[in-house]
Student: 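Let me begin by handing over the structure; questions about it come next.
In each ligand, atom 1 is the first atom listed, and ligand 1 is the first ligand listed.
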Amino acid sequence: MTDRLYYHDSFLYEFDARVVESFAHGGKHAIVLDRTAFYPTSGGQVHDLGLLAAEGKQIAVTGVADEEDGRILHFVAEPLASGAAVHGAIDSARRLDHVQQHSGQHVLSAAFIQLFNMPTVSFHMGDESCTIDLETAGLNAVQAEKAEWLANQVIAEDRPVKIRFVPLEEARQLGLRKLPPKQTGDLRLIDITDFDLTACGGTHVRATGQIGGILLRKIEKVNQGMSVEFVCGLRAVATARRDYRALTEAAAVYSSHIYDVPEQIRKSLAETKAAGKAQHKLLEELAELHAERMLARSSGSPRIITGLFAERDAVFIKLLAQKLTAGKSDVVALLASGVGQPTLVFAQSPGQKFNMGQRMKDAMEQLGGRGGGSADLAQGGLAVGSSQLEAIEPLLQRIADGFTSGQPL
Ligand SMILES: [Zn+2]
């Protein structure tokens with residue numbers, strides 16, 4: 001078994017040890033030491049990184065794992081001789097961050113119990129934020145903020161965090177917040193003075209003040225409860241800084257105070273919606289005018305109307321097709337637009353004998369696009385930036401001529 005130095009001092013960043021085993025392990029090498037300050041991934045807390053210096057070289061530790069038999073494996077790129085003396089150094093900034101997140105989780109979980117009797121069922125420490133899952137039917141924002149406030153009060157009170165080892169039977173009498181599922185030997189208890197007592201093998205602060213602060217980020221429903229995302233300590237400062245920067249940038253766009261940004265966004269969205277409605281109304285009126293003019297110039301039976309609108313989009317020619325054919329009995333409209341995806345719309349006054357869908361398929365075959373539709377209305381499109389734009393107008397004309405020259409329908 002490896003002597004776990006971090007059990008007794010979470011702020012021990014350097015140590016001396018001896019190599020007990022060194023063996024190949026999944027493309028890397030696993031080193032077992034007689035003692036280590038490296039924390040292995042367990043209990044929701046992720047492993048340390050750092051260096052092992054031995055035999056005149058420095059080797060990076062890229063992973064640390066906890067074995068069932070009590071050994072701790074340090075994953076490195078090259079082997080070390082068994083019996084070699086090593087000097088270990090862990091990445092202290094990463095460790096401090098983990099200590100802050102993990103200890104903060106103890107305080108936050110205890111706050112949710114004390115205030116709302118919501119037990120924590122799991123803890124996850126990610127690269128950006130941490131989450132706990134609470135066993136509860138619901139949790140609202142006001143409750144979450146209350147728990148955040150209580151947790152930060154406990155941090156501000158700088159309560160001592162004591163570690164002691166207690167036999168399992170004795171621990172059962174102490175009313176721990178959480179008992180580990182399987183345990184042999186003594187339990188390692190983490191005691192946040194007069195606030196929380198729980199069993200845990202992780203690394204913790206000496207007093208709650210070292211957590212620095214807790215910032216809750218979001219709450220959301222998960223399978224059997226609620227998930228609470230949070231950050232602690234320096235990570236909370238970095239996250240709040242990033243949030244503030246984004247908010248300040250948004251406020252500058254609106255030339256407003258940051259607290260007015262939500263209202264400004266709502267106003268903007270309402271204006272965009274109103275402008276969209278007004279634009280659509282204008283487009284309808286424009287289509288109506290075009291339709292009147294085109295119908296006035298049309299003749300023959302059926303009245304074949306063609307038009308390429310290079311400066312308009314598909315929405316406009318669809319509107320125009322509708323204005324041209326609806327309420328008439330003898331109109332065939334063959335229209336095309338050039339803005340965005342070049343689009344063709346073929347439409348006929350309902351009840352005529354022609355098949356717009358089939359004609360659209362033929363047209364698309366010639367232009368290299370895709371389309372189809374019903375007998376009365378069909379639509380087809382070419383790729384954006386198609387080189388076939390010039391071919392559209394003569395094609396529309398040929399199709400129009402086909403109606404009068406008795407070609408197949
Ligand atoms: Zn812990």
Student: Assess whether atom CD of E135 is packed by more than 12 heavy atoms of other residues, nucleotides or ligands within 6.0 Å.
Tutor: no
Student: Could you tell me which residues satisfy side chain to side chain donor-acceptor pair (under 3.5 Å) with R164, sequence neighbours excluded, listed by chain and number?
Tutor: D191
Student: Please confirm whether R312 makes a cation-pi placement over F316, using NZ or CZ under 6.0 Å from the six-membered ring centre and within 45° of the ring normal.
Tutor: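 Here R312 passes the 6.0 Å and 45° test against F316.
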Student: Tally of protein N/O/S atoms under 2.8 Å from the Zn ion (ligand 1)?
Tutor: 4
Student: Salt bridge check: are E271 and K267 linked by an N-O gap of less than 4.0 Å?
Tutor: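 Not counted as a salt bridge, because no side-chain N and carboxylate O are separated by less than 4.0 Å.
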Student: According to the side chain to side chain donor-acceptor pair (under 3.5 Å) rule, which pairs have a member within residues 204-213, sequence neighbours left out?
Tutor: H102-H204, H106-H204
Student: Tabulate below the donor-acceptor pairs under 3.5 Å that side-chain atoms of residues 69-85 make, not counting sequence neighbours, or state none.
Tutor:
residue	atom	partner	partner atom	Å
D69	OD1	R71	N	3.0
D69	OD1	R71	NE	3.4
D69	OD2	R71	NE	3.0
R71	NH1	E21	OE1	3.1
R71	NH1	E21	OE2	2.8
H74	ND1	I31	O	2.9
H74	NE2	T36	OG1	2.8
E78	OE1	K57	NZ	3.4
S82	OG	V20	O	2.9

